**Student:** 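This is the structure, below, for whatever I ask next.
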2 protein chains.
Amino acid sequence: MPQSPASPSLKTLAAALGVSVATVSRVLSGQAERYRISVATRNRVLEAASASGIVVDQLARSLRLRRTLSIGLVIPDISNPFFAQLARQIERHARRHGYSVLIADSEEDAEVEAQAIRLMLSRRVDGLILAPVGTPATSAPLRSLGARPCVLVDRLLDDPPLPAVTSDHRRGAEIATLHLIERGHRRIACVQGSPGTFANDERIAGWRTAMAASGLPCGPERVAGTGYSIDAALAAAHALLMRGERPTGILALGNVLALGVLQAARDARISIPDDLSLVAFDDQLWAAVTSPPLTIIEQPIEALGREVLELLLARIASPTGGPPTRNILPVRLIERGSVRDLRPKIPALVPISHRAADPSDNATRRVAAP
Amino acid sequence: MPQSPASPSLKTLAAALGVSVATVSRVLSGQAERYRISVATRNRVLEAASASGIVVDQLARSLRLRRTLSIGLVIPDISNPFFAQLARQIERHARRHGYSVLIADSEEDAEVEAQAIRLMLSRRVDGLILAPVGTPATSAPLRSLGARPCVLVDRLLDDPPLPAVTSDHRRGAEIATLHLIERGHRRIACVQGSPGTFANDERIAGWRTAMAASGLPCGPERVAGTGYSIDAALAAAHALLMRGERPTGILALGNVLALGVLQAARDARISIPDDLSLVAFDDQLWAAVTSPPLTIIEQPIEALGREVLELLLARIASPTGGPPTRNILPVRLIERGSVRDLRPKIPALVPISHRAADPSDNATRRVAAP
DNA sequence: TTGTAAGCGTTATCAT
DNA sequence: ATGATAACGCTTACAA
């Protein structure tokens, strides 16, 4: 902010007090002790400082100190609740450690991401937290991160072997799929987000593992979806539901995607969970009040944020700190009401196809506080 | 990032090329023309620059230029979907104008907010966008903003008379209340967010206006709630629903609050919209798939983001640009299924108290695409 | 057409 | 216990 009452600098203060800028600097940066500044001058400086409302210029300070006490955060979509919550945690922890956060939205676009990284580096952030788009060949700015303090979150990247913190996407999908299989489902499909993206592909892999282990079909025709938007999910769900043998269970590999599936089922007058069961990823406040409440795989967002920041601070402190850690956090399934148990209660007495919705299904079960 | 292959600077490049830093600077900042640099050297510099992957140090540049091409964004809760979406719009527009965004979460706490502002100023952001907590006496850093490029968003502040962009909270609440009154509701209560906060108090005022105009009771006992959390909303809704004369309609003054009301009604086995009607604020993707789909007041988030950024850029360009503008954007009501029409269809033939839920109610009406 | 040098606001080294 | 001063990496008069 160039203009206005010309924000006072150390020089101004020094002049006013008849001391040198060095002295003012030493006091204001808490080095009074170390430099044995007399208590008298120290107080004079402190007083004048607070009186004049001086703020030491971090730009100049950073230039001189060669560190900015700031980190960069590049995520694909700030408005996606998962990333919004993650960003909040990261900012919160960063702040507590004295760091500021420069944020950028890569819009799930590799080029935008590359620009964002370049910009953050040019601003000399001390470190970078990145949820990489990661679908095509990794960009030049991205490769350059190998040598710097940078931690990935939510998504991995093979090429620059960077440390990362993610939740156990694969196991999550496996758990979700098993949950359905155990309840008698055999035709289980996936509504995916951005294919090629780590979290997405891992989840697909988990689903496939569980399906294959039970000898169930898990070909690519059972996976639909082109991105993490509600429209993409709507289209994907429609496609899956229009097939000849309609799936009895769907995995929605992201919270926004679940909304699309819900909407598509409603449009097609397909009742969840009566006609179709659904397990979604990422718990959200609203997941407990949809109709029906959603059975979901919950990611430990607070832990993700905390750990990624701690890892980054560690890398900043010692950039040569061993091989890239990969921290994989466990997820858990929260059972609510979107999965129907297809197993007959009294086997063979009631033909499945004629059975009415079982009122003991957990469709309206009270949910645990989020 | 201090260490690593010592990011090359202009000096390095200049030395390698046998030209002066000045020349490199002039070329790299696109001033080749103005300084009549020969095409030959210009190309040599450009080539060497892209080859070495140089990034000009914005810190030093900003120090010299006395502007950072960065803005600060301080909001009460990044993870609140409304603010997350707003942040996304602001970042997007800022990026397009060449600005970076420094973000901070004030946690709805005046002290944290004050610190965040101080920090951003010390980092010399060119301008500040702020959704002020604004409940208690305004802090010193906040007051100091009067003289700088700063625009408020979503919430107003009287004291430093700053330009602001908000949606028409008051009118929104009025519309919502009238919507209920027109459908025969007479006991209408509010579940509020943080009292003392501009948006909240304006909404209360709008409700009160509409109620008073119809001669309906609108005392403080009909307003409950202590903050924008789901737990607060849960408690508030419970309190309202336990009263002797239970309201037939509730206004939830925020999207998270609506979730609390929904949950509370479910807990108390009160059916929405049969036994209780609900109008909420802030449209969200999930609002169309709750049970029932929510009738809501939608805020023009994209426009809010765009306009606040444009206003800020204008203030940065000419800080003395006239009196503080107050831009109030219109909201609109989206009718879905959470409001019941209490007017008898054939007056006096069917006693209201015995009337079954009217199947023509819009409880399951298809919603417009969000 | 290009180089020299001052200066942006700090901090750290070396004196005193 | 404190002051001068160089340096951080860049931009821009002013010189040449």
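The sequence lines fix the lettering, A, B, ..., with proteins before strands; numbering per chain opens at 1. What you see below is based on every heavy atom in this structure, not just the backbone, and it leaves out hydrogens, waters and symmetry mates. All values derive from a computational prediction rather than experimental measurement.
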**Student:** For A/Leu145 and A/Leu128: C-alpha separation, side-chain torsions, deciding distance, then whether side-chain contact (heavy atoms from CB on, under 4.5 Å) applies.
**Tutor:** CA-CA 9 Å; A/Leu145 293 180; A/Leu128 207 50; 3.6 Å; yes
**Student:** Within the 4.5 Å heavy-atom criterion, are A/Arg123 and B/Asp57 side-chain neighbours or not?
**Tutor:**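 Heavy-atom side-chain distance check fails, nothing below 4.5 Å.
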**Student:** Taking the basic N atoms (NZ, or NE/NH1/NH2) and the acidic carboxylate oxygens, is any pair closer than 4.0 Å for A/Arg306 and A/Glu310?
**Tutor:**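 Answer for the salt bridge query: no.
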**Student:** Checking B/Ile90 against B/Ile129 for the side-chain contact (heavy atoms from CB on, under 4.5 Å) test, could you report, in this order, the C-alpha distance in whole Å, the side-chain angles of both residues, the deciding distance, and whether it holds?
**Tutor:** CA-CA 9 Å; B/Ile90 289 173; B/Ile129 294 176; 3.8 Å; yes
**Student:** What is the distance, rounded to the nearest whole Å, between atom CG of B/Asn43 and atom C1' of C/dT1?
**Tutor:**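 Rounding to the nearest Å, CG of B/Asn43 and C1' of C/dT1 are 15 Å apart.
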**Student:** Whole Å only: how far is the CZ atom of B/Arg67 from the P atom of C/dG7?
**Tutor:**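 After rounding, the reported distance stands at 22 Å.
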**Student:** NA contact type, A/Ser62, heavy-atom cut-off 4.0 Å: base, sugar-phosphate, or nothing?
**Tutor:**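 Answer is nothing: A/Ser62 stays at 4.0 Å or more from every strand.
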**Student:** Between the protein and nucleotides 9-12 of chain D, which nitrogen or oxygen pairs are less than 3.5 angstrom apart?
**Tutor:**
residue	atom	partner	partner atom	Å
D/dG9	OP1	A/Arg66	NH1	2.7
D/dG9	OP1	A/Arg66	NH2	3.3
D/dG9	N2	B/Ala60	O	3.2
D/dC10	OP1	B/Asp57	N	3.1
D/dC10	OP2	B/Leu10	N	2.7
D/dT11	OP1	B/Arg61	NE	2.3
D/dT11	OP1	B/Arg61	NH2	3.3
D/dT11	OP2	B/Ser25	OG	2.5
D/dT11	O2	B/Arg64	NH1	2.2
D/dT12	OP2	B/Gln31	NE2	3.0

**Student:** Going by heavy atoms in the side chains, are A/Glu108 and A/Asp77 under 4.5 Å from each other?
**Tutor:**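 Sidechains of A/Asp77 and A/Glu108: no contact.
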**Student:** Verify side-chain contact (heavy atoms from CB on, under 4.5 Å) between B/Gln58 and B/Leu69, making sure each step is shown before the conclusion.
**Tutor:** CA-CA 9 Å; B/Gln58 296 298 330; B/Leu69 283 179; 5.5 Å; no
**Student:** Look at the side chain of B/Thr41 and decide which nucleotide, out of C/dT2, D/dT2, C/dG3, has an atom nearest to it.
**Tutor:**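 Side chain of B/Thr41 sits closest to C/dT2.
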